[in-house]
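Structure record follows, encoded as structure tokens.
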Amino acid sequence: MSALPVSLDDFDPLVELAGMWTAEFADRYLPIDGAHPARYEAINGRLVMSPREGSANSWAAKRLAIGLDAAATAAGHALYPALNVIFTPDTWIGPDLVVLRQPVSRMTWVPAEHVLMRSSSSRRRLGAATA
């Protein structure tokens with residue numbers, strides 16, 4: 001017996017693409033219509049959706065950005081809030097704060113080797129994925 005085809009109306013990318021999430025799929029299917037605003041990350045092809053950090057973390061990220069921006073710029077680096085940092089095609093995170101080795105333009109997926117420093121809120125979900 002063969003599986004019934006899934007109609008586009010019934011297609012759920014969280015279910016249908018479980019374990020297969022890549023940056024290419026993210027470009028196509030995210031954000032998910034009807035879902036609450038969320039941070040989207042993928043670990044080994046599994047999509048992780050989580051709410052943005054709370055007000056304390058947001059305030060701390062802002063203060064850190066204010067304190068680091070001038071020094072980062074003076075050193076030729078660039079500070080960005082909330083970038084997509086990609087480690088492999090199926091593993092990416094969305095830190096709240098990222099310092100890149102140099103400024104970038106028009107990049108949706110920033111390769112991890114461009115990152116000098118990032119906030120650590122995503123690290124607890126990454127585990128050994130980036131070790």
Side-chain angles (χ1 to χ4, degrees):
M1 174 185 249
S2 64
L4 296 173
V6 176
S7 76
L8 290 179
D9 293 336
D10 295 332
F11 182 75
D12 181 345
L14 287 174
V15 174
E16 303 300 328
L17 300 175
M20 300 185 323
W21 277 93
T22 63
E24 181 181 341
F25 284 151
D27 284 337
R28 184 171 181 181
Y29 295 112
L30 299 179
I32 297 173
D33 289 338
H36 293 288
R39 173 196 318 247
Y40 296 102
E41 299 175 304
I43 309 301
N44 298 323
R46 299 239 175 244
L47 189 65
V48 177
M49 291 175 57
S50 59
R52 285 276 167 205
E53 298 292 336
S55 59
N57 186 72
S58 182
W59 182 85
K62 174 187 155 197
R63 300 303 305 166
L64 186 58
I66 290 168
L68 288 175
D69 190 46
T73 301
H77 306 307
L79 188 140
Y80 295 89
L83 286 178
N84 297 303
V85 177
I86 188 164
F87 295 89
T88 64
D90 68 352
T91 299
W92 74 87
I93 60 171
D96 296 322
L97 185 67
V98 181
V99 177
L100 298 182
R101 297 182 189 285
Q102 61 190 28
V104 296
S105 178
R106 299 180 187 158
M107 290 183 82
T108 300
W109 303 100
V110 177
E113 57 267 14
H114 291 270
V115 176
L116 186 62
M117 185 192 90
R118 63 175 170 82
S119 64
S120 62
S121 61
S122 298
R123 185 166 174 78
R124 65 181 166 262
R125 287 187 290 277
L126 273 174
T130 61

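This structure is a prediction, so every number in the text was calculated from the model and none was measured. All values below were derived from every heavy atom in this structure, side-chain atoms included, with hydrogens, water molecules and symmetry-related copies excluded. Positions are given from 1, in the same order as the sequence printed here.
- Hydrophobic clustering of Ile, Leu, Val, Met, Phe, Trp and Tyr side chains at less than 4.5 Å, counting indirect connections, keeps Leu116 apart from Val85.
- Residues Gly19 and Arg46 share a closest heavy-atom pair of N-NH1, 3.5 Å.
- Val99 and Trp92 end up in different hydrophobic clusters when Ile, Leu, Val, Met, Phe, Trp and Tyr side chains are linked at under 4.5 Å.
- Follow the hydrophobic side-chain contacts under 4.5 Å out from Ile86 and you reach Met49 in the same cluster.
- Classification of Arg118 and Asp96 as a salt-bridged pair fails, no side-chain N sitting under 4.0 Å from a carboxylate O.
- Leu64 is not connected to Val98 by any chain of hydrophobic side-chain contacts under 4.5 Å among Ile, Leu, Val, Met, Phe, Trp and Tyr, and they are in different clusters.
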Do Ile93 and Phe87 pass the side chain to side chain contact (heavy atoms under 4.5 Å, CB included) test, and can you show the C-alpha distance, the side-chain angles, and the key distance before you say yes or no? CA-CA 8 Å; Ile93 60 171; Phe87 295 89; 3.8 Å; yes
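- Side-chain atoms of Thr91 come within 3.5 Å of backbone N or O of Asn44 as a donor-acceptor pair.
- Applying the side-chain hydrogen bond (donor to acceptor under 3.5 Å, both in side chains) test to Asp90 and every residue at least two apart in sequence or in another chain returns Thr88.
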When the side chains of residues 70-83 are checked against the rest of the protein, which donor-acceptor pairs come out under 3.5 Å, sequence neighbours left out?
residue : atom : partner : partner atom : Å
Thr73   : OG1  : Asp69   : O            : 2.9
His77   : ND1  : Arg101  : O            : 2.8
Tyr80   : OH   : Val104  : N            : 3.0
Tyr80   : OH   : Val104  : O            : 3.2

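- The nearest pair of heavy atoms linking Arg39 to Gly94 is NH1-O, 2.5 Å.
- Between Asn84 and Glu41, every side-chain heavy-atom pair lies at or beyond the 4.5 Å cut-off.
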The test is side chain to side chain contact (heavy atoms under 4.5 Å, CB included); show your working for Val115 and Leu100 and say whether it passes. CA-CA 4 Å; Val115 176; Leu100 298 182; 3.8 Å; yes
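- Ring geometry, Phe25 versus Tyr29: the interplanar angle falls from 30° to 60°, so the pair is classed tilted.
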Which is it for Ile43 and Val48 under the side chain to side chain contact (heavy atoms under 4.5 Å, CB included) test, yes or no, and what are the steps along the way? CA-CA 7 Å; Ile43 309 301; Val48 177; 4.2 Å; yes
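- For Trp109, the side-chain hydrogen bond (donor to acceptor under 3.5 Å, both in side chains) criterion is met by Asp27, not counting sequence neighbours.
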